[in-house]
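Only heavy atoms go into these numbers, but all of them, side chains included; no hydrogens, no water, no symmetry mates. Predicted model, so just to flag it, every value in this text is computed and none were measured.
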Amino acid sequence: MTDLVLLSADGGTASVTLEGAPAYAKPSGALTSRTAYAAAHVVPKPWAENVPGAPADIDWDATLAFRHHVWSWGLGVADAMDTAQRNMGLDARATRELIARSAAEARSVGGAIVVGVNTDHVDEEVISLDAVIDAYKEQLHFTEDAGAGVVLMASRHLARAAISAADYERVYRAVLEAASTPVVLHWLGAAFDPALGGYFGSTDSAVASETVLRIIGDNAGRVSGIKMSLLDARAEVALRARLPKTAAMFTGDDFNYVGLIAGADGVHSDALLGAFAALAPSASAAIQALDAGDDGRYLGILGPTETLSRQIFAAPTFYYKTGVAFLAWLNGHQQSFSMIGGLHAARSLPHLSEIVRLANACGALERPALAAERWHSLLTLNGLRP
């Protein structure tokens with residue numbers, strides 16, 4: 001086996017054995033025991049002006065090929081979400097083009113797709129509640145016309161404008177009434193976006209959950225589920241137990257997804273995870289094991305990936321996109337380790353080295369020899385390869 005060179009604690013290097021790629025098989029049909037979406041990233045043109053503050057210049061061939069990679073493993077794609085750098089480099093024009101292109105690609109292969117609907121095309125930071133409603137509706141109608149399912153994302157504009165739980169209920173009622181099909185709500189915690197602290201009217205998740213339940217209950221038939229990304233398994237389980245049967249819980253907990261997806265007492269979470277973009281083969285193989293009734297194999301496959309995910313999503317959590325793109329580069333899904341907005345610089349080499357170590361250990365390197373070659377080239381570029 002080839003040695004894999006990693007950074008040691010003192011800034012030197014140390015070697016570990018490069019593991020082989022797991023022999024996971026793609027599913028022959030649809031995954032059945034869980035609904036699972038991978039929240040996909042975008043790939044920039046490596047030669048373009050993708051610097052902080054510049055409009056996104058996307059490599060559409062590589063970006064869409066990555067979505068086909070996800071679909072080929074039986075997973076759905078959650079697009080134009082925070083993993084795609086909403087509010088962190090993906091401008092309004094690029095967002096619209098991403099939604100239109102991805103929806104068309106999904107139709108071409110019968111792939112499942114949902115996309116994020118937000119208010120982030122509005123440049124003003126502070127707007128009225130009525131303007132929030134109008135902004136949501138504008139993106140909602142564009143997304144529905146493109147033929148994609150809707151995830152109603154948490155809005156920074158709403159977080160700034162709302163002064164009570166009633167304000168959230170008013171806005172969501174108006175937007176949901178405008179939706180032609182049921183949508184997935186989105187609860188993104190402050191770890192992912194500090195501007196969303198106190199969303200749904202309280203920093204206490206139990207209190208905010210009451211608002212969520214009222215929104216779902218008062219809009220019967222218009223909400224198909226909620227993606228919960230608080231990195232708080234207890235809060236998710238508590239809300240999950242009280243959801244109506246018409247609304248699924250989609251875990252967005254990249255720290256605790258293994259147990260939440262497995263569930264307990266016949267109740268489980270489905271998945272809408274940025275981690276699954278980095279782990280599509282493992283995620284698919286694990287859910288295939290659940291489909292076959294093999295809980296032990298599920299845990300054996302997915303359990304070891306959670307430590308890797310915790311490293312990718314380590315504080316400051318909103319820079320997790322860098323780890324997702326880094327693994328996509330290691331696995332050959334993009335030409336260079338680069339991101340729109342220059343966000344590839346958001347994580348340190350020691351952080352990336354630990355991602356490499358954990359990915360190697362849990363079978364997340366799809367092409368281990370290529371991953372080693374690319375990682376070693378990055379070390380060499382930084383003067384650290386012996």
Side-chain angles (χ1 to χ4, degrees), residues 31 33-42 66-67 69-71 73-86 102 111-116 149 151 153-154 184-189 191-193 224-233 235-237 239-240 248-263 268-290 298-299 301-314 317-328 331 333 355 358-359 362-364:
L31 303 176
S33 61
R34 302 291 187 273
T35 300
Y37 292 94
H41 74 304
V42 293
F66 187 82
R67 281 136 184 81
H69 159 70
V70 171
W71 287 318
W73 285 98
L75 304 174
V77 169
D79 220 333
M81 302 285 291
D82 47 295
T83 307
Q85 295 180 240
R86 294 291 287 268
S102 292
I113 188 167
V114 293
V115 306
V151 178
M153 296 181 72
V184 176
L185 303 182
H186 186 210
W187 189 357
L188 195 68
F192 288 91
D193 187 346
S224 60
I226 180 168
K227 166 181 159 61
M228 194 165 177
S229 300
L230 301 189
L231 303 180
D232 183 340
E236 179 173 321
V237 169
L239 178 57
R240 185 177 72 185
M249 172 61 74
F250 290 92
T251 188
D253 189 333
D254 301 277
F255 282 6
N256 304 293
Y257 55 84
V258 176
L260 290 165
I261 294 170
H268 65 266
S269 296
D270 291 305
L272 200 164
L273 288 161
F276 276 12
L279 300 165
S282 298
S284 173
I287 295 174
Q288 289 178 64
L290 287 180
Y298 164 82
L299 291 172
I301 294 171
L302 207 59
T305 70
E306 205 167 70
T307 304
L308 168 61
S309 185
R310 285 174 174 262
Q311 174 68 10
I312 294 171
F313 287 79
T317 298
F318 43 81
Y319 288 139
Y320 77 86
K321 296 96 171 166
T322 302
V324 172
F326 177 61
L327 275 174
N331 285 326
H333 296 297
I355 287 178
L358 294 170
C362 74

- Distance in Å, K321 NZ paired with H41 NE2, rounded so as to fall on 0.5 Å steps: 13.0 Å

- At their closest point, which heavy atom of R67 faces which heavy atom of V42, and how far apart are they? NH2-CG1, 4.0 Å

- Task: Nearest 0.5 Å please: distance from the CG atom of L327 over to the CG atom of L358.
- Result: 10.0 Å

- Task: Quick one: list whatever passes side-chain hydrogen bond (donor to acceptor under 3.5 Å, both in side chains) with D253, sequence neighbours left out.
- Result: N256

- Query: What are the two closest heavy atoms between V324 and A277, and how far apart are they?
  - Reply: CG1-CB, 4.1 Å

- Parallel, tilted or perpendicular: ring planes of F66 versus H69, cut at 30 and 60 degrees: tilted

- Note on the structure: Sorted by chain and number, sequence neighbours left out, side-chain contact (heavy atoms from CB on, under 4.5 Å) with H268 holds for R34, D270

- Message: Main chain of Y257, side chain of E306: is a donor-acceptor contact present, judged purely on distance under 3.5 Å?
- Response: yes

- Task: Measure the OG1-CD1 distance between T251 and I226 for me, rounded to the nearest 0.5 Å.
- Result: 11.5 Å

- Query: Measuring from T322:OG1 to Q85:CD, what's the distance to the nearest 0.5 Å?
  - Reply: 7.5 Å

- Message: Treating D254 as the side-chain partner and S309 as the backbone partner, does any N or O pair qualify as donor plus acceptor under 3.5 Å?
- Response: no

- Query: Can you tell me how far the CG atom of L185 sits from the NZ atom of K227, to the nearest 0.5 Å?
  - Reply: 12.5 Å

- Contacts of R86 that satisfy salt bridge (Lys or Arg N to Asp or Glu O under 4.0 Å) - sequence neighbours left out: D120

- Query: Taking atom CG of L279 and atom CG of L302, what is their separation to the nearest 0.5 Å?
  - Reply: 7.5 Å

- Would you find a donor on one side and an acceptor on the other, under 3.5 Å apart, between the side chain of W187 and the backbone of A154? no

- Which atom names give the shortest non-hydrogen contact between M153 and D82, and what distance separates them? CE-N, 3.8 Å

- In short, L75 meets A283 closest at the heavy-atom pair CD1-CB, 4.2 Å

- Side chains of Q288 and S284: donor-acceptor distance under 3.5 Å anywhere? yes

- Message: With a 4.5 Å cut-off on side-chain heavy atoms, are F276 and V70 touching?
- Response: no

- For T83 and Y320, test the side chains for any donor-to-acceptor distance below 3.5 angstrom and give the result as yes or no. yes

- For F255, does the CZ atom sit with more than 12 other heavy atoms under 6.0 Å from it, leaving out its own atoms? yes

- Scan V114, L188, V115, V151 and name whichever one has a side-chain contact (heavy atoms from CB on, under 4.5 Å) with M81. V151

- Which heavy atom of A278 sits nearest a heavy atom of I312, and at what distance? CB-CD1, 4.3 Å

- What pair of heavy atoms forms the shortest contact from I261 to A271, and how long is it? CD1-CB, 3.8 Å

